Every structure is written in C-alpha cells, then in structure tokens.
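Taking it in order: structure first as structure tokens, then the write-up.
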Amino acid sequence: MAYVSIAAKTRQTPPHWAVRQRDLIALMDRAAHPFVEHSTRPDGTLIQRTEWTSMDGTDNGYEAFLSFPLFYLLGGGEHIYQIACKEWDAITWQYANYGTVEREFVTGFDWFHHSESYTYIYYLALADPAHLINRTRALRYAAMYTGADPLAPNWDAQRKMIRSPLNGSKGPRFVTTQVDWDYHRPILADYLAPFEDIPGADSSDPLFKVDWTDDEVFAQVLELINQRMTRCDVPLNLSVTSLITNAYLYTGDDQYKTWVLDYLQAWEERCAANGGIMPDNIGPEGTIGELMDGKWWGGYYGWRWPHGARNIVEPALVAGSCALLMTGDDSHLDLARSQLDMLWELRREEDGRVKVPARHGDQGWFDFRPPDPYLYIHLYYLSQSERDLARLDEVFPDRAAFAGLPPDWGAAKAGICPPMAWFAFTEGKNLGYVDQVVDSTYSSICHSLNRLESDDSDPETRECYHFQRLNPVLPEALIQMALGTPAAIYNGGMLQTHVHYFDPQRRRPGLPEYVAALVDRVSADGVSLTLVNTDLVAGRDVLLQAGSFGEHQFTGARLENEDGQDQSVAVGDRYLQVHLGPAAQARLHLGLRRFVRAPSYSSPLFD
C-alpha cells in the first residue's frame, strides 16, 4: 500500500539521547533473558508456591510480565513478544491449577486487581491484532460482563449495574471465606479498619486499625464484609469498560460501545442523585446505600476503605477515556472532572501545604493529603482542553516541584513511571528531562538486575509481587519519551497516544532497529517529534500512525531542514511514512485531527 511519505537524507552525528535510547532498548532485550531464566520454569510457569488459595495474587502473576508486550510496542525484539505470549498462557494455566482462574479468566475478584492483570491483553492486542486466539478470548471475556455469558451473570441489565465488586468467570462472588483473605490478613491489619462500628474497636481516631490476624476480630470483619459490601455495585467496576472496549477495538461492533456508554451514564445519574458525589455502594435493588443504612460511603474500595478517593476518580477516568476513544466526545470525562473538582473545593492548608481529602466516613471528610498530579495529567492529555489545563495550573502551578524522577521508579508497581517530568518537558519547563529519563531508566534497570542476582529466596515463601521488583524490562519512561504520552492509566486504561510507530519492513509495531524517537510537544491539533536513524550505513523507513488505534488523522507534515528549506506535505490519512537515510534525522511537525476515525486494532501491516 502506498502512503504519503517524506524523507530526510543528510547524515548527521546522532544526538546523545538517541544513542542512549537505542542502548537501553538493546539492554532490555538482553536483560529479559536472565529474568525469565530465574523466575520461570521451562514451561513458563512462575517458580513460586505450589499452592495459592487467596483471591489476591493472580494479578501479580500477570504483572510480573506486563511490561514485555508494552516494551515490544516500543521496539523490543521479537523474542520479547514470544515471551509475552508464552507467559500469558503459562500464568493463566498455573493459576487455573491454583483454582483462581477458570475459563482463562479470574473466577471472582475486584477490578482494582482485574485491571492490573488485563492491561496485559490490551498490549498483546496492539502487538498482533490478527492473533485469533487472543481475539476470541477478548470476546469471551467481554461476554462475561455484557450478560451474554450465562455462566458469568455479573450484569444486571435492568438496573445497569454489576452485581458485586467481586466478579469474574463464575459471576458475582456474594460470599467470601477465610481462605479468600488469609494471605493478606497481616497486610490488611496495617490498613485502617473497613468499618467504623466493629464491636470492641476504638474508633475515636478516624484512621484506627483492627487486627485482622486475630481470629475473633477477623470473624467479625468477614461477617460485615459479606453483609454490606459484596452485593453492591461500586465505582471500581467502571474499570471493566476497558475490557469491553477491547472487544470493540477488535470488532467495531456497536453493542460494546453502547454497553460502555450505558454503564457510564448509570454512574453519572447516581452521582447526580447524590448531590454531585459518586456514591460508593449501590445495593441489589439499585438503591444508594441500600446495605449501608443509607450511607453513600463505606463500600468496597470506596471513599473510606482501603485506599479512598483514587479508587473513585481513577475508574471514572478509565471509563471516560474509553467512551472518548469510541465517540470523540470529551464530555464523557466529566464524571472524573466533577470528582476532582469536588475534592479540590474541600481543600485546606496544613503544614504550609494545600491538601484535599482522601476519605469520607461517619465523621465526614478526613485523611487530607497533597493532590496527586497523575490523574490531572492523564485527564488533560486525553482532552487537550483549555479547561483541563486550567485545572492543572490551579492545582499544580509549580510544575518543577514535581518534575523529578526517582532513580528506582522501576521498583514501583510494575514499573509505573511518574508522568510529571515528561509533562513539564512537553511544556518546555523541564529542559533536563531527556538526560533525566535515560539516566533514571538505566538506574532502575541496574537496581532490578541487582535484586535479581541476589535473590536466593525460598519459592514457597515468595510474596505475590516478588517478581515485579526483579523485572529489568522497564520501558515505561521510554514510552513517555518516544510516544509522547503519560502512558496508560495503570489500573485498566488503554494506551492512548498522539502517534504510534510501525516498522514496515518487518511488518510489526514499534520503532525499527536503530531508530530512536523523541516527542517534545503534544497539543489538540498536532505533535512535534524527532526521529533519528543511528545507523551510519543503512536507511530505515518508519510508518507513523495517528493514534494508537488509528483514531486520529494527520492533516499535514512539515520536515525541518537545516538550510531553512523545509519540506511540507498534505496527508489527510492516519498514516505517514518517513524515510530516514543513513544517520539521518527528521524533525517533524505533524498536524492532527483527533478522534475523527473509528478506533480499531486493525492495520494494513497485519492484513
């Protein structure tokens, strides 16, 4: 297929960042091997406990290799994709034998954890949408939530609600047992208590705790969980919208779009009925506070327990981003906006810092903390609207204060890289970002390899997230650098970008060999980036796609030339081909019309 093309031919000394970016890609390609050899058996199963009975932990098995398909999308080697596919299958089989997976899907847990697992399959879909088994799985998984699968009756179509916060391939889990919680009882003993009326507990401190390891106390907690929490719909379930969107991206079938819009609207209506605050528990009859004595707070992963506000706002943002992707209408982000604004209105100053409430209980709002830029950055990136930029300006007027990158961010949850350093760079306010991101990625890989090489732990005592800290495949910061995106919202988001790369010669996604990329500006109508061919001998072609899912359209491209004779071409398509001669560099300014095409995993490279 012929595409509009533009070419850069003059040899130039490649910039330092480009050489180091390619070095990091090569390093992760190699570092994957010792990690796999240390962590898995020849069949791909994780070398860990022979028995696993807890609800929790399955997600961590998948998270151990979540970065592999993401790294492949950046340009990681073919072996990275092969490992990613093998590990998905092996971990699914392993946990099916533990009893936590059935029909290749977790039997019944919450969408805080489901969303950490299933981002993996969204990356696999981008890696190869023609993979028939993964496509079939995507449709089967979606059926478990749309009402099409009678073995998984999670969906109440009449009330437009998911029937429990614990759900999966066996349908809603209305009753939990001691075995379900045993693994995490010592951990949960360090969290605030899930209820304020636990017999014998001193609740004078709003952050009071109870000892989950005490069998008598735990029996009381478990009884209350099953009475009040497990038969409700909760905001956390909004993250299932990405699973349904995944099926839409494979098929284009409007039934999936309709389901996402209907479920998001149901929560918008609940929020409106509760005075603009999202209730965190909807009872079996669809009533707010039905099992909580009328309280709109106190639900599972709700305003009070275990983490508070983030588990309300983040799922709303995930659902809004899915709806925006499929419709192009950024008003679907209003539910998330409304909750951020509501919390900001409740702000107060403590210790010289502005803080917002993280939780709500019987005593009102409490646990005030500095706001997190993470959600605001994702919101603005998705919308590119002036009003969302104004939110950022008001809440975070001093970007520089948040623009550092820790030297070992790879030890965080499956390698989450804080996005403020990247965002400040795209605004021209963090000129040291390029060196910073390369240095911190290198440092994080070193730390991971050091932990890997010193790991002599007993497999039978390895904690559920043991392998995540050992994984040296850490592409998240390079994703920000090369694709110009804060990356996916970790708990369930799709990887949305202004621009996506393909290698037309190898017919696969990602940067071609020897090619480095740096995006330094993103806006509502364009993106600016530099492509560098670090190979002095051979040329390279790069196919650019407007948006991860072809949802945008390039309007035109301008290639800067050192002699001032810039090249410009009209595009009017989702693709632009760039030819880079040996050691050539292309400084590109691309016009965009965003969200004007139906998003899809399909690509002519896979036809």
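These numbers were taken from a predicted model, which means no experiment stands behind them.
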What salt bridge (Lys or Arg N to Asp or Glu O under 4.0 Å) pairs are there with at least one residue in [range], not counting sequence neighbours?
range	answer
residues 496-506	Asp503-Arg506
residues 509-519	none
residues 33-62	none

Q: Using salt bridge (charged side-chain N to carboxylate O under 4.0 Å, His left out) as the criterion, list what pairs up with Arg310, not counting sequence neighbours.
A: Glu314, Asp372
Q. Which side chain to side chain donor-acceptor pair (under 3.5 Å) pairs, counting each pair once, include a residue from residues 235-249, with sequence neighbours left out?
A. Tyr122-Ser242, Asn167-Asn237, Asp233-Asn237, Asn246-Tyr601
Q: Please find out if less than 6.0 Å separates the ring center of Trp111 from that of Tyr145.
A: yes
**Q.** Phe68 ring center within less than 6.0 Å of Phe71 ring center
**A.** no
Q. What residue pairs, at least two apart or across chains, pass ring-ring contact (aromatic ring centres under 6.0 Å, His included) with a residue in residues 20-43?
A. His33-His79, Phe35-Phe65
(Q) Test of understanding: with side-chain hydrogen bond (donor to acceptor under 3.5 Å, both in side chains), list the residues that count as partners of Tyr183, not counting sequence neighbours. (A) none
Q) Under the side-chain hydrogen bond (donor to acceptor under 3.5 Å, both in side chains) test, which residues partner Gln585, sequence neighbours left out? A) none
Q.
If you apply the rule side-chain hydrogen bond (donor to acceptor under 3.5 Å, both in side chains), what do you find for His466 with Asp455, and how did you get there?
A. CA-CA 10 Å; His466 176 79; Asp455 179 34; 2.9 Å; yes
Q) Excluding sequence neighbours, so at least two apart, what forms ring pair (Phe, Tyr, Trp, His ring centres under 6.0 Å) with Tyr514? A) none
Q: Applying ring pair (Phe, Tyr, Trp, His ring centres under 6.0 Å), name anything that partners Phe105, two or more places apart in sequence or on another chain.
A: His114, Tyr118, Tyr141
Q. Would a 4.5 Å heavy-atom cut-off, applied to side chains only, mark Tyr374 and Ile489 as touching?
A. yes
Q. With a 4.5 Å heavy-atom cut-off, do His579 and Ser5 have their side chains touching?
A. no
Q. Who are the side-chain contact (heavy atoms from CB on, under 4.5 Å) partners of Glu476, not counting sequence neighbours?
A. Ser67, Leu70, Trp409, Cys417, Leu474
Q: Check Tyr72 against Ala127 and note the closest heavy-atom contact, atom names and distance.
A: CD2-CB, 3.6 Å
Q: Mark yes when over 12 heavy atoms from residues, nucleotides or ligands other than Tyr98 sit less than 6.0 Å from its OH; otherwise mark no.
A: yes
Sequence neighbours left out, cut at 3.5 Å: what donor-acceptor pairs do the side chains of residues 491-500 make with other protein atoms?
residue	atom	partner	partner atom	Å
Asn491	ND2	Phe112	O	2.9
Asn491	ND2	Ser115	OG	3.4
Asn491	ND2	Glu116	OE2	3.4
Gln496	NE2	Ser321	O	3.2
Thr497	OG1	Val499	O	3.0
Thr497	OG1	Ser548	N	3.3
Thr497	OG1	Ser548	OG	2.8
His498	ND1	Tyr381	OH	2.9
His498	NE2	Ser523	O	2.8

